[in-house]
Amino acid sequence: MAEREPVIGIDLGTTNSVVAFMQDGTPTVIRNRASTNLTPSVVALSKTGKMLVGQIAKRQAITNASDTVYAAKRLIGRKFSSPQTQDGVKSLPYTVSAGEHDDIRIQLGDKNYSVPEVSAMVLKELKLDAEAFFGKPVRKAVITVPAYFNDGQRQATKDAGRIAGLEVLRIINEPTAAALAYGFGKSVNGKIAVFDLGGGTFDVSVLDVSSGVFDVIATGGDTYLGGEDFDNRLIEWLVFDFAKENGIDLRKDRMALQRLKDSSEKAKIELSTSKETQINLPFISSPAGGGTALHLQKTLTREKFEELCGDLIAKTITICEQVLSDAKVKSTDLKEMILVGGMTRVPKVIDAVKTFFRRDPCKGVHPDEVVALGAAVQADALTSEDSEVVLLDVTPQSLGVAVAGGYVRRLIPRNTTVPTSVTEVFNTSKDEQTTVKIMVLQGEAEVAHQNELLGEFILTGLRKARRGEVEIDVTFEINSEGIVSVSARDRETGLQQSIQVTASGGLTEDELKRIMEEQADLMLEARTGEEMQTRKLELKGLMKEVEELIPQLDKATQGSEFGQDAISKAKSALENARKAFDAPMLSKVNESMDTLTRTISLFKGVLERIK
């Protein structure tokens, strides 16, 4: 029986990312090459022009703030002109600009990157970690996204996977993945809720679990509510007090802003276990006209932190109320409450959840790892013939089309089980109308412009007739990943137009192909670099062994012609190996390894016979 190709599950997080796989029937996290389970979702361009990813990128963030990108997940699939983007860029130390399609571009050095490209660098790092673990290429993955991600954000995440060299088997919702990990291998039956508050996003889902079937009943969330917002509240508090005392706005200094960000995040974490913490930032600024450097020193209590962030926590509970209402369940109907995401370690968050759900949360899951573990379960289910896991997810937001008068006609309500397909008949709105524009919208607002425009297309060639006489079938289809396709057909002539909705303001297929070709060379270079490092270590070991064997053979053969000839060849092989060690060619290293391996085998054979 052929060995199965490795397949992985990835939690692409705002703050940290995790990769996992199924090991002997158990979902297991793959440690990265730094021997930790969590890889910071940080990308940086070093002063020497080298691209850095993960912990090494995060470490140099303060001294290289303008070329260090974090929280890219909060920008993926969004338009530059969106209110969330415009609000978010105010607190970012790196440069964000508008692309050709109103998409977001991030500057690193003298080059602008799309957000999927930046996210792909994190995914490639996880892919390389997995390949180092398996010792073979990894091509397939399931990637998780926040449940409340719209179609454009899902498409952009899938694009990032493609750029990273991965075949994305499925995009699944993070709360659903957490439920899969929680229920896997257990006889869980009943309704459970997943409260997922991460670094940049918030989701809550209610599922009905029975005999390996995970049926999502309702989901809700906010894709711009997470730990970053808690950090920003602390930054604002520190900046305001410092400006009040010294008349200097620290947000105008990128390095100072990054130091504030770093200290705020650490203070937030410390307050999960302590009642108060100290924030000390020496030499944070200097007066404009010169003079003594200024320091920032503040004591932050847990009480003050909760006061600053209380409305953010209250917002999560409001969303929970809506989701339970949509699911038509009471908190007392739930069998289990699962907390996911690093922010669920905050005591005030835990208290709010306990109060609302009237129960203690489950303590049997790891909040940082459970989503990746669930993605691994789903990846295994999609590639294994004997898997008994069945996942029924829902669309998080309603889908419809714009109609006359500037309103929305909903075809698929939120929390509809996917995959699904719906067709509805529409009529022309004007006399002798020969074309109709189909505007695809996602959201809950009744007024069209208040919803997210996913895409639009035009159906032409309609016969001239009075208003309302021409009938048009509009069909919406959503696949199991939540990806939307829409078509429109003239019922009389059979003329049809359709689109698969692409990331809003995102990459075109041509751009995606170009980026993938560029990244393929980088991937090959990165993988070759990893292999080169490993091979050189092996070569070094072989060189040392030959050096130790030469005097032993010289002594054992007592200067015989055979011995001198063998030693001469060995010294020549060593010299070639030293040159190969310093050269950038993997083929030369492999060639020297083969020669030294044969030399060692010969020497050991001779020494054994002489004994």
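Starting from 1, each residue takes its place in the sequence as its number.
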Hey, are Arg154 and Asn173 close enough side-chain-wise for a donor-acceptor pair under 3.5 Å?
yes
So does Gly341 get a backbone contact from the side chain of Thr344, meaning a donor-acceptor N/O pair under 3.5 Å?
yes
Could you give the distance from CG (Leu75) to CD (Gln84), rounded to the nearest 0.5 Å?
10.5 Å
Is the backbone N or O of Asn189 less than 3.5 Å from a side-chain atom of Lys335, with the two atoms forming a donor-acceptor pair by type?
yes
Do Ile338 and Phe195 have side chains that get closer than 4.5 Å, going by heavy atoms?
no
Considering all heavy atoms of both residues, which atom of Val42 and which atom of Ala57 are nearest to each other, and what is their separation?
O-CB, 3.6 Å
Would Lys261 and Glu228 pass as an ion pair if we require N to O under 4.0 Å?
yes
Please verify the inter-ring angle class for Phe305 with Phe230; under 30° counts as parallel, over 60° as perpendicular, anything in between as tilted.
tilted
Pairing of Arg345 and Asp368 as salt bridge, 4.0 angstrom limit:
yes
Looking only at side chains, do Asn37 and Glu369 share a donor and an acceptor under 3.5 Å apart?
yes
Between Glu167 and Arg162, does any side-chain N to carboxylate O distance fall below 4.0 Å?
no
Side-chain donor-acceptor contacts of residues 21-28 below 3.5 Å, not counting sequence neighbours, with atom names and distances?
residue	atom	partner	partner atom	Å
Thr28	OG1	Thr26	O	3.0

Does the side chain of Ser41 come under 3.5 Å of the side chain of Ser17 through a donor N or O and an acceptor N or O?
yes
May I ask you to decide whether Lys328 forms a salt bridge with Asp333, counting only side-chain N to carboxylate O separations under 4.0 Å?
no
Please check if any side-chain donor atom of Thr332 sits under 3.5 Å from a side-chain acceptor atom of Arg359, or the reverse.
no
Using a distance-only test with no angle check, is there a side-chain donor-acceptor pair under 3.5 angstrom linking Gln322 and Asp326?
yes
Whether the Asp393 and Thr176 side chains hold a donor-acceptor pair (N or O, under 3.5 Å, no angle test) is what I'd like checked.
yes
State whether the side chain of Ser263 and the backbone N or O of Leu260 hold a donor-acceptor pair below 3.5 Å, judged by distance alone.
no
Is there a donor-acceptor pair under 3.5 Å between the side chain of Asp151 and the backbone N or O of Val484?
yes
May I ask you to check whether Gln60 and Thr68 show a side-chain donor-acceptor distance below 3.5 Å?
yes
To the nearest 0.5 angstrom, please state how far the CZ atom of Arg358 sits from the CG atom of Leu334.
11.5 Å
Looking at every non-hydrogen atom in both residues, tell me the closest pair between Val418 and Thr395 and how far apart they are.
CG1-N, 3.9 Å
Interatomic distance, OG1@Thr201 vs CG@Leu225, rounded to 0.5 Å, equals 8.5 Å
Enter the distance from Phe202:CZ to Cys320:SG here, rounded to the nearest 0.5 Å.
4.0 Å
Using a 6.0 Å distance limit plus a 45 degree cone around the ring axis, check whether Arg105 lies over the aromatic ring of Phe80.
no
Do Tyr148 and Gln397 have side-chain atoms, one donor and one acceptor, less than 3.5 Å apart?
no
Any side-chain heavy-atom pair from Val29 and Leu373 closer than 4.5 angstrom?
yes
Regarding Asp129 and Arg33, does a basic nitrogen lie under 4.0 Å from an acidic carboxylate oxygen?
yes
Determine whether a donor-acceptor pair (N or O, by modelled atom type, separation under 3.5 Å) exists between the side chain of Arg170 and the backbone of Ala379.
no
Just do the salt bridge (charged side-chain N to carboxylate O under 4.0 Å, His left out) check on Glu5 and Lys140 with the steps written out, would you?
CA-CA 9 Å; Glu5 181 181 0; Lys140 297 180 179 178; 3.8 Å; yes
Determine the minimum heavy-atom distance between Asp203 and Pro146, stating which atoms define it.
OD2-CA, 3.0 Å
Nearest heavy-atom neighbours spanning Pro116 and Ile76
CA-CD1, 4.4 Å
Are more than 12 heavy atoms from other residues, nucleotides or ligands located less than 6.0 Å from atom CD1 of Ile350?
yes
Donor on one side chain, acceptor on other, Ser114 and Glu117, under 3.5 Å
yes
Apply the test salt bridge (charged side-chain N to carboxylate O under 4.0 Å, His left out) to residues Glu174 and Lys73: give CA-CA distance (whole Å), side-chain angles for both, the deciding distance (0.1 Å), then the verdict.
CA-CA 13 Å; Glu174 288 164 7; Lys73 182 176 177 178; 2.6 Å; yes
Whether the Thr36 and Asn32 side chains hold a donor-acceptor pair (N or O, under 3.5 Å, no angle test) is what I'd like checked.
yes
Spacing of CG belonging to Leu38 relative to CG belonging to Asn16, to within rounding of 0.5 Å:
5.0 Å
Quiz question: by atom type and distance under 3.5 Å, do the side chains of Ser82 and Thr85 form a donor-acceptor pair?
yes
State whether the number of non-hydrogen atoms from other residues, nucleotides or ligands found under 6.0 Å of Lys266 atom NZ is greater than 12.
no
Donor-acceptor pair, Arg139 side chain versus Leu166 backbone, under 3.5 Å?
no
Does Leu52 reach the side chain of Val43, with side-chain heavy atoms less than 4.5 Å apart?
no
Looking at Phe214 and Ala179, what are the two nearest heavy atoms and their distance?
CE2-O, 3.3 Å
Examine distances only and state if a side-chain atom of Asp380 and a backbone atom of Val377 form a donor-acceptor pair shorter than 3.5 Å.
no
Test item: side-chain donor near acceptor, Glu444 and Ser398, under 3.5 Å
yes
Quick one: do Leu339 and Val353 satisfy side chain to side chain contact (heavy atoms under 4.5 Å, CB included)? Show the steps, please.
CA-CA 9 Å; Leu339 295 182; Val353 170; 3.9 Å; yes
Heavy atoms only: give me the nearest Ser264-Ile235 pair and the separation to one decimal.
OG-CG1, 3.4 Å
Less than 6.0 angstrom separating the ring centers of Tyr94 and Tyr70, yes or no?
yes
Judged by atom type as modelled, is there a donor-acceptor pair below 3.5 Å linking the side chain of Gln153 to the main-chain atoms of Asn150?
yes
